[in-house]
Amino acid sequence: MIPDGTSIGVYSAARWFKYYNGMGDRLHVDPYLTGTVTSFSSNAPIGDSAPTGSTYATGVLQQIGNVAIYPEASENDLYPVDASRTWQPAATILEAVKMEKNKSVGLVVTSEFAHATPADFSAHHYKRNQYKAIAPQMAYQNLDVMFGGGNRHITPDIRTHLTRTGTTLIQDNKNELLNYNGNGKVWGLFQEGALPYNIDRNPEKIPSLAEMTNKALEILSKNPNGFFLMVEGSQVDWAAHANDVATIIDEYLAFDEAVGKVMAFAEKDGNTAVVIMSDHGNSGLSIGSRECAGASKLSLEELFGAVSKIKISASGLESILIETKPEAFKTVFKQYTGIDITDEELAMLHSSKNYKESDYTQVGTSENLAHNIVKIMNARSCFGFTSGSHTGEEVLMAAYHPQGDVPRGNMRSIEINQYLQKVSGLESSLEELSDRIFVKHNEVFKGMNCSINRDNPDIPVLMVKKGRNRLEIPAFSSVAKKNGKPFDIGSVVVYIDKNETFYLPVSLADML
Ligand SMILES: [Zn+2]
């Protein structure tokens, strides 16, 4: 479980927030905290979601932007990088347990499904936002569960493949998803892109992370061989980028609810290990700030009263204010935040760059409305931020294992992957698997007639001929054709344009 971009200060703020609001003084994660994780890129100490999540998934350090792929070597490498493997896809724990242990596999997120962290476990590319390469790989992984956002990535080809593999695709229908009681694979997607922040979520239409997680556990645990599930609280990170404290806390608590569901399942199941850690810090959130003199004398009410009255994210309030007449700003702002804004603050909101009521006001500054809303909210609190970006301190680690075999102390991100490999009971390493299923096509089909068909520039197709036999192997797919007849490859094929190479199973040579 990964609460994306969650610094240690978020846990502290969420705990006091709960206490102030009469929700107890413990987080679901608290009894399971065992240490910290230092996570980083192959050539930079401050991590980013794509490389750090990829390291949890593969055990391979990677560069910013990389999704489960061996990185380029760089003069800034923190540990030696094997340049002979650059661009080779790195097999993930999800792929290994599916292929080698016949376990079910699932991903539950609140971002769009092809976003960095879920992609880290189920796709391979050097560029995280290359969705045309990533989304099809995730579909062709034949995931048993994929819940989150991202309807915009469902192409006709993906839809056809899901149907062909007996996968139920449920779109924008919460009840249908939560009432699903079949035995097949299920994709449940909401919204075109990401889900709304939990604080802005309409609970009638959009499931919570905890609801989706519970459903995923119910579906995946039907497999007697067991399962692998990755749950991401995707948007703690986004709220931290925005320095939006109320939303950071609410997003974390929504994640913590899902932790509660998972731990209840694991404790009862007695056969499930859990690890929980963020992928990197974000924004340096502190309780107490330079602007707040005498912070150590402030009461719980003074520290957590104002933030508890905020019932919307800054971006949610922005979208409402953009549609609001200037004379109604003060009332609307108070309604959602409990804040009486000053005339000066009102003028600042009206002058926001993206506030378009040009009949009434001039668009004067380079600041957008959401940023100015955050400024107003934070001026009434004593939370501090050092940054609007990722930060390099270690993140908290929590774990559960039925026999108590949990990781402890300060771990490096690679060791989290090693732990996952160990508890999954894998007999061979992920590196060995990579060398079986991600081999360069000119090695696999050495001496045979290979050409690349680029009729569809997004999905090049490798054409291989030997004697009378012909293979057609499309990129980012797990279905190829032999003499025109489709067959399942058993893993996804990755095409890297940088070296014009398809990475595919060495066993495909036996087809010819
Ligand atoms: Zn992240």
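In listed order, ligands and their atoms are each counted from 1.
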Given salt bridge (Lys or Arg N to Asp or Glu O under 4.0 Å), test Glu218 with Lys215 step by step and report yes or no. CA-CA 5 Å; Glu218 183 191 310; Lys215 195 69 196 179; 3.0 Å; yes
What protein N/O/S atoms lie closer than 2.8 Å to the Zn ion (ligand 1)? Asp4 OD1, Asp4 OD2, Ser49 OG, Asp279 OD2, His280 NE2
Among Phe17, Phe304, Trp16, whose ring-ring contact (aromatic ring centres under 6.0 Å, His included) with Phe383 holds? Phe304
Less than 6.0 angstrom from the centroid, inside 45 degrees of the normal: does Arg412 satisfy that with respect to the ring of Tyr79? yes
Interatomic distance, Lys174 atom NZ to Met212 atom CE [nearest 0.5 angstrom]: 10.0 Å
Are Arg85 and Glu431 ion-paired here, with the side-chain N under 4.0 Å from a carboxylate O? yes
Would you say the side chains of Ser234 and Asp4 form a donor-acceptor pair under 3.5 Å? no
